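All values below come from the heavy atoms of this structure, side chains included, with hydrogens, waters and symmetry mates left out. Numbered from 1 within each chain, the chains take letters A, B, ... in sequence-line order. As the structure is a prediction and not an experimental result, all values here were calculated from the model.
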Amino acid sequence: MSKPESPDPEYQSGTPHLWTDLEVETKVGNLLRAGVLTSAVLVGIGAVGYLVQHGSEQPHYGKFNGEPGELRHAALILQDAFTGHSEGIIQFGLLVLIATPVARVMLAAFAFLKQGDRFYLGVSLVVLAILTASLLGLSP
Amino acid sequence: MNVLELTLLLAIMAFAAGFLGSLTGMGGGIVIVPGLTLLFGVEIRYAIGAALISVIATSSGAAAAYVKEGFANIRLGLFLEIATTIGAVVGAFLATKISGNSIAVIFGGILLYSAYAMMRNTQSPHKTNAADALAVRLRLDGTYPLKNNLVAYHVRHVPLGFALMLAAGILSGLLGIGSGALKVLAMDRAMQIPFKVSTTTSNFMIGVTAAASAGIYLNRGYIDPGLAMPVMLGVLAGSMLGARVLAQANVRILKIVFSVVVTALAAQMIINGILGKI
């Protein structure tokens, strides 16, 4: 437990200590499971409301219309979900799902910070920046 | 057909796709787009949006299950994710510039390759043991567990692997797929990484890659909650069941059945794309 943190690639085979690759992998596994589960529950809850309200309508997927603004942007989706709008709740669940891999990269960045591995901290932050830009709609 | 009936049918199709995709190792996402467009007449961009969501769900679910086994190379995965996420953003951008029919033809080609890759499924025969200067500098070499030992391996041809990952990312963003076959090709063949490490690291990367393009699809209004809901829940349930029965299943026959289905879908996608019916 008292082994010093080091960016040495060989430490993987050493004794376990906090923020080793193995520990990080366990945390990552738990995080992914929690994210997928939360998302599935939210989508399931929204699905019930959606089918009760719209179940007997005619589907409209043959032609592309695009979703309205409140189902497109993270902040507006949150707002829509908290007003109890069923489509908003589903979309919020999908947003949680999209955010799960992003959180995974954040966890990796934090682990590299703890390990003092500046190069891979930088790599994680680059990936994180690309993901954030895409989620915020800052694409070309 | 009303929304309730369509939702149930979509959930069943997605469940089957997730189940077969998990058993054959091909992933469920790849048959979602042809299934939605060819069987249900869904507009291809809505179909791609829903497929991307299902890809993130299965990748994250599966990665959670076997991340503890210690095969995935996290540094390598993150490093290559720079390429796949940039590619995914470019692919999602291209999706708005290319017609639905052209996307369908490209999709058909990728389906054919994936069916071929699944049937072949043989790992690169000989892996060299020599260290590569760039890989060493980037600290990409790793170890994997074998019985009670850790086996060390070297990563090679980093620039080639990086370029292939860029292509995998573009295809992922353009077509709404995980590009697992291409990612494994890049790592197993080009970078000379042990097969099991390649497949687990690839699966690990798929969720991040898909998230990069899913964010853009969401912002563009291509992700419809009513459509993505049954697809995501169905694929997730199917792939979880598939992972459970994997040990007892006769995968060989399943792979043949699945590759026939995929080849037929590929032909249909290409024909419809050329005839302008997508």
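B:L6 CG to B:M1 CE: the interatomic distance, rounded to the nearest 0.5 Å, is 4.5 Å. Note that CG of B:L80 and OG1 of B:T209 are 9.5 Å apart. Values are rounded to the nearest 0.5 Å. Put simply, CG on B:N73 and OG1 on B:T200 are 9.0 Å apart, with the number rounded to the nearest 0.5 Å.
Your options are A:T100, A:V102, A:N65, and the one with the most heavy-atom pairs under 4.5 Å with chain B is A:N65. Interface summary for chain A: among B:T84, B:I86, B:I223, the most heavy-atom pairs under 4.5 angstrom belong to B:I223. Comparing A:L97, A:L131, A:V127 by heavy-atom pairs within less than 4.5 Å of chain B, the highest count is held by A:L97. Ranked by non-hydrogen atom pairs under 4.5 Å with chain A, the options B:G41, B:G226, B:G100, B:G207 are led by B:G226. Chain A forms the most heavy-atom pairs under 4.5 Å with one residue out of B:A47, B:A210, B:G221, and that residue is B:G221. Chain A forms more heavy-atom pairs under 4.5 Å with one residue of B:L218, B:I74, B:I56 than with any other, namely B:L218. When the candidates A:V126, A:I90, A:I77 are compared by the number of heavy-atom contacts under 4.5 Å with chain B, A:I90 comes out ahead.
Both the backbone and the side chain of A:V43 come within contact range of chain B, each with at least one heavy atom under 4.5 Å from a heavy atom of that chain. For B:L52, no part lies under 4.5 angstrom from a heavy atom of chain A. Heavy-atom distances place the side chain of B:M232, and not its backbone, under 4.5 Å from chain A. Using a 4.5 Å cut-off between heavy atoms, B:L138 touches chain A through backbone and side chain atoms alike. Interface remark: B:L78 contributes backbone and side-chain atoms alike to the contact with chain A (heavy atom separation under 4.5 Å). For chain B, no part of A:S86 is nearby; none of its heavy atoms comes within less than 4.5 Å. With a 4.5 Å cut-off on non-hydrogen atoms, B:L236 touches chain A through its side chain but not through its backbone. With a 4.5 Å cut-off on non-hydrogen atoms, B:T7 touches chain A through its side chain but not through its backbone. Looking at A:I98, the atoms closer than 4.5 Å to chain B (heavy atoms on both sides) sit in the backbone and in the side chain alike. In this structure, chain B has no heavy atom under 4.5 Å from any part of A:L31.
Counting all heavy atoms, side chain and backbone alike, A:L71 lies closest to A:Q91 at O-NE2, 2.9 Å.
Using a 30° and 60° split on the angle between ring planes, A:Y50 and A:H54 fall in the tilted class, from 30° to 60°. Ring geometry, B:Y144 versus B:Y153: the interplanar angle falls from 30° to 60°, so the pair is classed tilted. Classification of the A:F82-A:F92 ring pair by plane angle, with boundaries at 30° and 60°, yields tilted.
B:S54 pairs with exactly one of B:L233, B:V235, B:V33 by the side-chain contact (heavy atoms from CB on, under 4.5 Å) rule, that one being B:V235.
A ring-centre distance under 6.0 Å is found for B:F162 and B:F79.
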Q: Under the side-chain hydrogen bond (donor to acceptor under 3.5 Å, both in side chains) rule, what do B:S22 and B:S239 come out as? Steps first, then yes or no, please.
A: CA-CA 5 Å; B:S22 154; B:S239 62; 5.8 Å; no
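Between the side chain of A:K114 and the backbone N or O of A:A109, no donor-acceptor pair lies under 3.5 Å.
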